[in-house]
There are 2 protein chains.
Amino acid sequence: MTGKQISSVWTRDARPARTPGRTREEIARATLELLDAEGLDGLSIRKLGAKLGAGATSIYWYVGNKDELLELAYDEIWGEITLPIPESLGWRDTVSAFAYSMRHVMLRHPWVGSLIGRLPALGPNAMAMSDRLRRTFRLAGFDGMDIDYANATLTAYVFGTVIPEIAWSTSMGGEELDMDAMRGTFEHVARDFPDLLERLVEINEKVTVSETDRLRAVSFDFGLVAVLDGLEARLRS
Amino acid sequence: MTGKQISSVWTRDARPARTPGRTREEIARATLELLDAEGLDGLSIRKLGAKLGAGATSIYWYVGNKDELLELAYDEIWGEITLPIPESLGWRDTVSAFAYSMRHVMLRHPWVGSLIGRLPALGPNAMAMSDRLRRTFRLAGFDGMDIDYANATLTAYVFGTVIPEIAWSTSMGGEELDMDAMRGTFEHVARDFPDLLERLVEINEKVTVSETDRLRAVSFDFGLVAVLDGLEARLRS
DNA sequence: ACCTGAACACCGTTCAAGT
DNA sequence: ACCTGAACACCGTTCAAGT
């Protein structure tokens, strides 16, 4: 009587690649392209089959279900993040670069925002990144479980900042926002909180789209510095 | 020629409640119950209709589409978070209590993990919480935009920690995990990273489920203290 | 004002059957 | 070993029609 297993694509090796068949990489890339083009709702097994020039259900030969397919695409994301060599840059600059790169990659593939809360990150690219980040924090002077805590703190900050950013911009659905309508929305939803309303309107008013981006970048940096300062304080105690 | 609008339930008032009709609150509560009982995939407009003793599509009278329905349930979550009075507790203890409460509420309603990256938080409960948090940070001594940056940093940390926690535990799908299978999974996915593997196995080995919970709580606290220390450093500079 | 049922255009997944 | 098509049990959403 064995208990439950973790359900993940990565618990099994890919089926051995033979000439006529597809590979996991092909499928992962095609899935990623479909997601980038049409979003999470736009991805269906049938469309993916068509894109690969195959019958609708042939994907099930390679993958147990749709979530496993998404795991494949999710791990591609981790592969796009860059991390400098910690030995030459020092830990603060290294993890800062990681944080910026991760934010950038997430914004380029906004559908990840909906996956992070649903799928475990057990793919090879995620594992490799984990390992390198741990090495960086060890080099910084963290020890034992603190390595993992520091790692978790940094990643949490990035995820937690970017995920709502994504929700916000997809709910806008594009660039050409009607500023007046937006102001109206704020005045409606924050009508009982004059203080908050003032700030919302203020932010809304002075900004073109590119200024919003800059403001978000400033906010991201503010928090990142705070997180790194906090970690550094731990290091000294 | 007006531009795009934000699409959210909260941009419109609820239709005026008359005797035979339902209210947004009823619908929000029923949706929340269905989500708690069957998860995000278990919620369908038809099931919700049945639960309310109504025709399948009557919900569309109150709500534009399924995402708007989810916004209703999402805002209920914000209403469950408790925040002490900042004036009597001091800012650090106040925002700590907020962070713990938010984590707790999210773990009780794991489906929020998939919504935060998809829906804006514009509901009355979210707004009220925003306002109170801003007040707390102002009391702490933050000023101007720094109030919002500090607020964003804290919330980001909580979201970013809990969201992957949720993904992790739902991919386990329950309590009775086969430890050996889990070890096997780790040995498989982290086979190229001996260091990381060692840590994964170590964590897996020494822990019952309740110990995992304790470990997560320790990790959460480590990061939270770091974030608060980092914010406090900003305050002094 | 509020609700219904039928209908449309989709889904994910299973499975027997093909090569 | 790999792929197919048909079939099943669902979806979200629209809309004319009812009261």
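Owing to the predicted nature of the structure, the values given are computational and were not obtained by experimental measurement.
Atom CZ of A:R46 is separated from atom P of C:dT14 by 13 Å (rounded to the nearest Å). In this structure, A:I59 atom CD1 and D:dT4 atom P are separated by 9 Å, rounded to whole Å.
At the phosphate of D:dT4, OP1 or OP2 sits under 4.0 Å from a side-chain N or O atom of A:S58. Taking only side-chain nitrogens and oxygens, B:T57 never comes nearer than 4.0 Å to OP1 or OP2 of D:dT13.
No N or O donor and acceptor, one from the side chain of A:S44 and one from the base of C:dG12, sit under 3.5 Å apart.
Of the listed nucleotides (C:dA7, C:dA6, C:dC2), C:dC2 has the atom at the smallest distance from the side chain of B:W61. Distance from the side chain of A:K66 is smallest for C:dG12 among the nucleotides C:dC2, C:dG12, D:dT4. Of the candidate nucleotides D:dT13, C:dC3, D:dC3, D:dC3 has the atom lying nearest to any side-chain atom of A:Y62. Comparing D:dG5, D:dT14, C:dG12 against the side chain of A:Y60 picks out C:dG12 as the nearest.
For B:R103 and B:F220, the positive end sits near the middle of the six-membered ring, less than 6.0 Å away and at most 45° from its axis. A cation-pi geometry, defined here as NZ or CZ lying under 6.0 Å from the six-membered ring centre and within 45° of its normal, holds between A:R24 and A:W10.
Ion pairing between B:R183 and B:E187 holds under the 4.0 Å rule for side-chain N and carboxylate O.
Screening residues 150-164 of chain A for side-chain hydrogen bond (donor to acceptor under 3.5 Å, both in side chains), with sequence neighbours left out, gives A:N151-A:T155.
For DNA chain D, each stem of at least three Watson-Crick or G-U pairs (distances under 3.5 Å) is given as range with range: C:4-8 with D:12-16, C:12-16 with D:4-8.
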